[in-house]
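Here's the structure, in structure tokens; my notes come after.
Computed over heavy atoms, backbone and side chain alike; hydrogens, waters and symmetry mates excluded.
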Amino acid sequence: MRTFLAILKDSYKEAVSGWILQAMMIIAGLFMLAVLSLSYRHLPPEEAISRQYSVLNIVYQKNPDVGNPNFKVQNFVQTKAGPYWRGDYQFDVVLNCPDEASLSKAKGIPGFPTTPASQIRLMRQSVDFKEITGTVAKNSPPGELRITYVTTDTNVEDGLSWPSFPTILFGVELDFMKLSPRSMVYRLEKNIFGDFGVLAGLILSVIVTAGFIPNLLRKGSLDLYVSKPIGRVQLLLMKYFGGLVYVVLLSAFTVFGIWLVIGFKSGIWSAGFLLMIPMLTFYFSLLYAISTLFAVLTRNNLVAILGTSLIWGLVTLVGYGHESVEGINEDAKNQIIEAKKMQGEAGASEDEIKATQPIASIWENVLFGLRRALPRTYDIDKLSGRMIAKSVLSESEYKSRKFDTDLGVSWPEVIIVSLLQIAAMLGLASWVMVKRDG
Amino acid sequence: MSVIEVKDLYKAYGDIEALKGVSLKVEPGQIYGLLGQNGAGKSTMVKILLGIVRKTSGGAFLLGYPAGTTEIRKKVGYLPEDHAFPGYHTGESLLHFYGELFGMSRPDRIKRIAESLDIVGLSKRGSSKIKTYSKGMKQRLGIAQSFFHDPEVIFLDEPTDGVDPVGRKEIRELLQTLKEEGRTIFVNSHLLAEIELMCDRVAIMHKGEIVRTGTVGELTARTERFSITLAPGTPFPVSEVRALGYTVEPDGDETHVELAKGQSIDPVLDYLASKGLRLRNVSESKQTLEDIFMSLVETAERGSTKRGVRVARPLSHGRRSE
């Protein structure tokens with residue numbers, strides 16, 4: 001144990017001896033500061049609905065056939081006190097046209113919302129009212145259509161799921177970006193940090209740690225280590241774990257810091273995001289096993305970096321390719337089934353489905369096999385995205401983004417297969433190390 | 001029990017024979033020098049003893065146990081020839097790291113590291129990064145790391161490499177101190193004068209073979225030799241002196257007279273005086289280890305040439321371990 005800790009400590013010294021770790025921590029710190037400057041403003045329901053109609057007004061204003069139809073929201077009243085998402089409301093949506101003839105023309109435009117049902121569909125895109133009824137007012141002046149709506153409650157679970165505008169730099173409102181605070185946090189944690197930040201962090205980590213094993217194996221260094229009372233396999237494995245220290249340090253600092261800032265600012269303490277620390281370490285342990293194998297085989301850090309990047313890129317390409325091919329064929333299958341149903345048939349036969357597949361199933365199977373056999377970094381990425389979404393988004397948001405669909409892979413499978421792959425790569429590297437003379 | 005025992009040790013790297021049946025014994029408390037040209041096989045032998053390189057055949061034992069086991073390495077210190085210490089460590093932190101690998105306790109490490117750095121003259125630079133050290137300082141640190149954990153046997157491969165003359169003297173004194181503490185020291189070097197000054201016993205290795213072993217005194221002991229210079233223009237009576245039973249070797253103005261065992265130079269001098277030959281200079285020439293080494297190497301080369309097969313591999317051929 002003492003030896004293990006000594007080598008971990010040594011790896012830590014090696015990791016912090018360069019400037020990259022410190023630079024990355026500074027960048028992470030700046031990112032945290034940027035997150036600290038973020039906030040949001042809940043969109044009042046009246047404003048939310050008015051903005052929806054404003055867009056329509058802009059679209060149809062120049063339409064000469066209907067003579068500048070203009071929607072307005074009037075007489076907006078909250079009839080039951082409480083936060084926006086628990087309120088009951090009454091309001092009028094008024095459509096004004098220059099004359100009755102224009103109004104009639106407007107009613108004839110396909111998709112133009114001139115009925116309570118079509119307007120309710122439109123308004124639910126802004127505020128998901130639980131119950132809403134609309135009554136067309138009688139005796140409106142010529143060219144005017146007035147519908148009075150009465151709503152009860154909303155399907156929004158809480159304030160963090162309520163449509164809002166983000167503000168950046170301590171108050172600059174981005175009023176073109178309507179999002180719930182949960183969606184904002186998801187975008188921060190998954191899209192900005194999880195995709196770009198993690199990718200950059202992992203690439204730099206691969207570069208920095210790729211030198212650890214070649215440095216150990218270089219002339220004049222290995223003799224010093226091997227002459228100490230420590231076995232070669234033990235030495236290699238400890239150095240491997242030492243390399244992981246780098247990523248543990250970096251991810252712990254960055255993820256925990258961002259988690260803390262986001263939680264403090266939004267009240268969303270997402271456990272799924274915090275799990276990114278072990279997840280990133282696990283992800284990197286796969287990459288570092290590849291790097292270690294290349295390093296032991298060639299004693300060259302450049303080869304280790306290129307080899308690891310090549311396999312990593314291939315895995316991503318195969319994963320993306322497989323998903324795309326699967327998606328294209330699935331769409332084609334659904335289309336043929338739908339078409340058959342429209343023709344009054346029960347569905348399409350297997351042969352019919354195969355015949356209409358844009359990409360031959362052999363390719364799908366090849367990609368599937370490769371995806372299963374290669375290191376599972378792509379699957380880890382997909383699963384961790386779901387993990388973050390699950391702990392950040394509300395249930396309805398999670399479903400609306402189709403995150404409740406089957407990914408075809410599970411954590412236990414990915415973990416077990418990855419551990420076996422790591423063991424195989426390190427086993428081979430250890431064997432080479434033991435067999436090496438000198 | 002010998003501290004180091006090597007029996008008929010062979011090592012081949014493919015077709016290249018690095019060691020060709022080497023045998024030697026090192027007794028406790030000795031400073032043992034292994035002398036040889038670059039590529040002679042010195043480092044290969046030490047690396048086999050430490051388990052860094054695998055032997056092809058033969059026996060290698062350390063402290064009575066098969067060489068190279070993890071357990072036996074706890075009792076061994078080693079300074080490799082081309083050592084590369086990680087530049088991100090300071091002298092102190094490196095020794096702490098190595099001390100932890102040797103299983104030393106923290107208080108023990110603190111005490112021994114301070115002492116060792118003081119001994120090698122690095123106490124003031126112990127907290128500096130190694131990347132700021134000069135070559136000589138790295139060598140001193142290398143020596144410190146070879147003995148700070150209190151080993152029974154220490155292997156030093158070219159220990160004075162890159163060290164200035166004052167530092168070399170200090171290293172020699174340090175090795176003497178370590179020896180007095182009861183440790184066995186095995187020194188690999190191609191610096192003949194260093195070996196001559198510091199070692200109790202010496203083995204001379206050439207092309208993977210031990211060609212001579214003995215104490216420095218034994219190796220340099222030989223029949224006495226005198227150089228005689230007569231007055232200018234006076235020929236030396238070579239045949240007459242040879243007739244007295246001496247080996248005579250004219251060398252320009254000088255003449256070397258070699259004495260067989262039990263002979264004295266006096267009869268020669270008496271003879272010259274009786275013939276009225278005027279002496280300008282008479283001096284006794286001493287044989288150095290270098291003379292012996294060169295002579296052995298030349299003899300070995302001649303022998304190799306005669307045997308043909310054994311010179312198949314040139315000295316510089318292939319091996320990079322030295």
Close side-chain approach of A/Ser227 and B/Val76, heavy atoms under 4.5 Å: no
Leading residue by heavy atom contact count with chain A [cutoff under 4.5 Å; candidates B/Lys129, B/Lys75, B/His89]: B/His89
Interatomic distance, B/Leu79 atom CG to A/Leu224 atom CG [nearest 0.5 angstrom]: 8.0 Å
Options B/Phe85, B/Tyr78, B/Phe97, ranked by heavy-atom pairs under 4.5 Å with chain A, top entry: B/Phe97
NZ (B/Lys25) with more than 12 external heavy atoms under 6.0 Å: no
CG-CZ distance between A/Asp223 and B/Phe155, expressed to the nearest 0.5 angstrom: 13.0 Å
Toward chain A, the part of B/His96 with a non-hydrogen atom under 4.5 Å: neither
B/Glu71 atom CD, neighbour heavy-atom count above 12 within 6.0 Å: no
Value rounded to 0.5 Å, distance of NZ in A/Lys13 from OH in B/Tyr88: 9.5 Å
Closest-packed option against chain A by number of heavy-atom pairs under 4.5 Å, given B/Leu101, B/Leu50, B/Thr69: B/Leu101
Heavy-atom closest pair, residues A/Val434 and B/Arg54: O-NH1, 3.0 Å
Contact class of A/Lys228 relative to chain B, heavy atoms under 4.5 angstrom: both
Interchain contact, B/Lys55 with chain A, by part (heavy-atom threshold 4.5 Å): neither
Non-hydrogen atoms of B/Thr70 and A/Ile230 that approach each other most closely: CG2-N, 3.6 Å
Best-contacting candidate, A/Ser221, A/Pro229, A/Gly231, A/Ser17, against chain B by heavy atom pairs under 4.5 angstrom: A/Pro229
Under 4.5 Å from any heavy atom of chain B - which part of A/Ile7: both
Atom OH of A/Tyr12 with >12 non-hydrogen neighbours under 6.0 angstrom: no
B/Glu100 and A/Lys9, any side-chain heavy atoms less than 4.5 Å apart: yes
Closest heavy-atom pair and its distance - A/Arg232, B/Ile52: NH2-O, 2.7 Å
Per-residue contact mode, A/Tyr225 against chain B (heavy atom under 4.5 angstrom): side chain
